[in-house]
2 protein chains.
Amino acid sequence: MPKPGTRLRLIDVAERAGVSLATASRSLAGREGVSEEVADRVRQVARELGYVANPYARTLAGGASSTVGLVVHQIDDPYFAEIASGVIEIAAEEGLLVQICHSGRDPDAELRQLRHLIAQRVGIILIAGSGYNDPRVEAEARAELSEFQSQGGRVAVIGRHALGVDAVLPDNEAGSRALAGHLLDLGHRHIAIAAGKEGLTTITDRIAGVSSALHQCGLSLDNIPIVHSDFTRGGGRMAAEQILSDHPETTAIIALNDAMAMGVLSTLRAHHIPVPEQMSVVGFDDVSVAADLAPSLTTIRLPMTDMGRMALSLALKPRSARPRRRPTGHLLVVRDSTGPAPSR
Amino acid sequence: MPKPGTRLRLIDVAERAGVSLATASRSLAGREGVSEEVADRVRQVARELGYVANPYARTLAGGASSTVGLVVHQIDDPYFAEIASGVIEIAAEEGLLVQICHSGRDPDAELRQLRHLIAQRVGIILIAGSGYNDPRVEAEARAELSEFQSQGGRVAVIGRHALGVDAVLPDNEAGSRALAGHLLDLGHRHIAIAAGKEGLTTITDRIAGVSSALHQCGLSLDNIPIVHSDFTRGGGRMAAEQILSDHPETTAIIALNDAMAMGVLSTLRAHHIPVPEQMSVVGFDDVSVAADLAPSLTTIRLPMTDMGRMALSLALKPRSARPRRRPTGHLLVVRDSTGPAPSR
DNA sequence: GTGAAAGCGCTAACAC
DNA sequence: GTGTTAGCGCTTTCAC
């Protein structure tokens, strides 16, 4: 009977199994150099006693840390919440702990969080969310991560390519090309873009996709207004207001994520502009509410939960010679927020 | 210059500051028994060197663990995402790490997560989300937590009262009383409830509030249909279908959370039933999308992010003789999804 | 194949 | 006030 306040230690298991501490450790870690019978017996005893290793002692003694640090812009953004959900799921299967921290779309905060996680000796770092166009920021993050990796840490990122690590890459460009193509097919020629703040690579990539689709129609990005605002519902509302006042000829708005699209829809409703009869709206991501909006949102589906799962799975594999890249694929989901361009 | 692969240790700081390990430790922990000058010097050196303590060593040596375990039903549910956001915010200020795990609304899974967190030696445990009506489950959780507390762990919960620990308590009953009162004031007499699965105390409490409002009008819960389904959008859709087919006289639906309300709205739209002209709908929680739905949702606002902040703040305080309770307050937010009962 | 023993980096008694 | 030292519970050489 352990003293109250004292939890089961490995030595207790070892004694009960009639082996040494070292053997017990090897057995539970599934390492070589223990006969099958002994190893089995130890595991058996450990299970019976309900032994759980002390992760602090384990990590301190040099074993790899079993915690994964997940950096997201903001956990209450559904995009990141769904990614986190996937990460947590895999982590639970693997017996890993997930530490979540916020970067708040601030490159310096992100760097701070990164350093903090490294100082905390997490074993795996996952970074979700757009990269920054600022090369200095990316370089610093890259240096930090490469140092971390050289000490045995594992890293994977979601949605950024400039970090030289394993990456899950959303189909930003192809997705928005499909989105713009869909609107062009419907006859829209006065398209406006509600974009997030400049400086995020996600924005850049998604705009590039639109550009590419426009070119195929002999149009150019130069002809269409791009309004930069926050990458949030509030930002969408602001962008929509500006588009309505400055570009009244607009018949379709491409919001570069679903959050902005929701803001756009909200503003159009306030202005009594029927969607899609008078204005088509598209989003990007297909967060789970997108289907339940009124009108339901035409958007690009990204498998966010899967992306979280994929990222952690990548990080769980041994590091490869060159960074792996896992494109996510995408799917144009046509719903009720888009329709033919109004004849004018 | 530390060897590559070797991080800064406290002893390095101590040497640089010309003091012993113990003094350095005391200085950084801000503990008694060090002269101000020395302490300042040590802190100064630590800052210059960019020293961050190894939390594993620290915890192992007996200092309190600086990680907080947060158990939520599901992180990609906006209710929990917003709570988590508040927790993460305070944790960041306090230099704490947040570990998030899922219970998936499964009492046994919750118990497993709890035991796991305790085995992991977290210092603080936060549990968010409804309790269970099953006394066995609550008793087991309670026992586990009280053992954890007796070993110095700190606990706070959000939205459950049967655990004998500090609690942030959403105004479930008063909120739904206000909600039902609002509908009754509008003349609705055929009200249906779209409820989550039985067995959750949140459901019980919110139904009790409705009951109380009904009684004030001389009505009773017996007269109104309660459809139990999942506490999610999908559950809301199913409940709405059933209400429409089995209780066609209904003029108002109380969904016991916003997720269900969204499902209800979605189904009503599919049936071309105008809201609020022909059917009023209310939700509960005021998740951030509620205002952006069409029609925007009348609901009870709960300050989720604050609730997260509050819970961690409670847990950070020393334990009091008797569990503290912090009611959240609530606010009836009337939007476009409710209107006068149609004359029939 | 198994055991003994030396740390990992820190905190907390305990001396001075 | 400050320093010395014994662990915390585990992994990992190094002997056997």
Side-chain angles (χ1 to χ4, degrees), chain A residues 2-3 5-43 46 49 51-67 95 118-123 151-152, chain B residues 2-3 5-43 45-46 49-67 95 118-123 151-152:
Chain A
K3 258 206 340 254
T6 300
R7 299 217 142 238
L8 219 52
R9 290 159 312 163
L10 182 52
I11 185 83
D12 301 321
V13 176
E15 278 172 7
R16 274 285 273 268
V19 298
S20 75
L21 195 55
T23 303
S25 172
R26 291 188 190 106
S27 307
L28 294 181
R31 229 168 304 110
E32 300 264 89
V34 193
S35 68
E36 265 310 308
E37 321 157 49
V38 175
D40 271 349
R41 182 153 40 91
V42 173
R43 279 190 285 263
L49 264 44
Y51 169 76
V52 182
N54 181 325
Y56 299 98
R58 176 178 290 203
T59 306
L60 186 57
S65 150
S66 63
T67 112
I118 294 174
Q120 301 297 332
R121 279 79 171 173
V122 298
Q151 293 176 212
Chain B
K3 258 206 339 255
T6 301
R7 299 218 141 240
L8 219 52
R9 290 158 312 161
L10 182 53
I11 185 83
D12 301 321
V13 176
E15 278 171 7
R16 274 285 273 270
V19 298
S20 75
L21 195 54
T23 302
S25 173
R26 290 186 191 108
S27 306
L28 294 181
R31 229 169 306 113
E32 301 264 88
V34 193
S35 68
E36 265 312 306
E37 320 158 50
V38 175
D40 272 349
R41 181 152 41 90
V42 173
R43 280 191 284 264
V45 171
L49 264 45
Y51 170 76
V52 181
N54 180 328
Y56 300 98
R58 174 177 287 191
T59 305
L60 187 57
S65 150
S66 63
T67 112
I118 294 174
Q120 301 297 333
R121 279 79 171 173
V122 298
Q151 294 177 211

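Since the structure is predicted, the reported quantities are computational estimates derived from the model, not experimental observations.
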Every protein N/O within reach of nucleotides 6-8 of chain D N/O, cut-off under 3.5 Å:
residue, atom, partner, partner atom, Å
D:dC8, O2, B:Leu60, O, 3.1
D:dC8, O2, B:Ala61, N, 3.1

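- A:Val52 and B:Arg121 get closest at one heavy-atom pair: O-NH1, 3.7 Å.
- Look at CD on A:Glu32: it is 14 Å from P on D:dT13, rounded to the nearest Å.
- The distance from atom CD of A:Glu15 to atom C1' of C:dG3 is 14 Å, rounded to the nearest whole Å.
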Contact list (N/O, under 3.5 angstrom) for nucleotides 13-16 of chain C vs protein:
residue, atom, partner, partner atom, Å
C:dA13, N6, B:Arg26, NH2, 3.1

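- Among residues at least two apart or in separate chains, side-chain hydrogen bond (donor to acceptor under 3.5 Å, both in side chains) pairs with a member in residues 34-43 of chain A are A:Asp40-A:Arg43.
- If you check every strand for non-hydrogen atoms under 4.0 Å, B:Ser35 touches sugar and phosphate atoms only.
- Looking at which nucleotide of DNA chain D each of A:Arg31 and B:Thr23 is closest to, the 5′-most match is held by B:Thr23.
- Nucleic acid contact for B:Arg121: none, since no nucleic acid atom lies under 4.0 Å from a heavy atom of the residue.
- Between A:Val34 and A:Ala39, the closest heavy-atom pair is CG1-N, 3.9 Å.
- When the P atom of D:dG3 is taken as reference, atom CG of B:Leu10 falls 12 Å away, rounded to whole Å.
- Rounded to 10 degrees, the angle between the two end axes of the helix from C:dG1-D:dC16 to C:dC16-D:dG1 is 40°, with five pairs used at each end.
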Tabulate below the donor-acceptor pairs under 3.5 Å that side-chain atoms of residues 56-63 of chain A make, not counting sequence neighbours, or state none.
residue, atom, partner, partner atom, Å
A:Tyr56, OH, B:Ser65, OG, 3.2
A:Thr59, OG1, A:Pro55, O, 2.7

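- Separating the OH atom of A:Tyr56 from the C1' atom of C:dC10 is a distance of 14 Å, rounded to the nearest angstrom.
- Contacts of A:Ser66 classified as side-chain hydrogen bond (donor to acceptor under 3.5 Å, both in side chains), with partners at least two apart in sequence or in another chain: none.
- For B:Glu32, there are no side-chain contact (heavy atoms from CB on, under 4.5 Å) partners, not counting sequence neighbours.
- One atom, CZ of A:Arg58, and another, C1' of C:dG9, lie 18 Å apart when rounded to the nearest Å.
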Acceptor/donor pairs from residues 13-26 of chain A side chains to any protein atom, 3.5 angstrom cut, sequence neighbours excluded:
residue, atom, partner, partner atom, Å
A:Ser20, OG, A:Ala22, N, 3.4
A:Ser20, OG, A:Thr23, N, 3.2
A:Ser20, OG, A:Thr23, OG1, 3.2

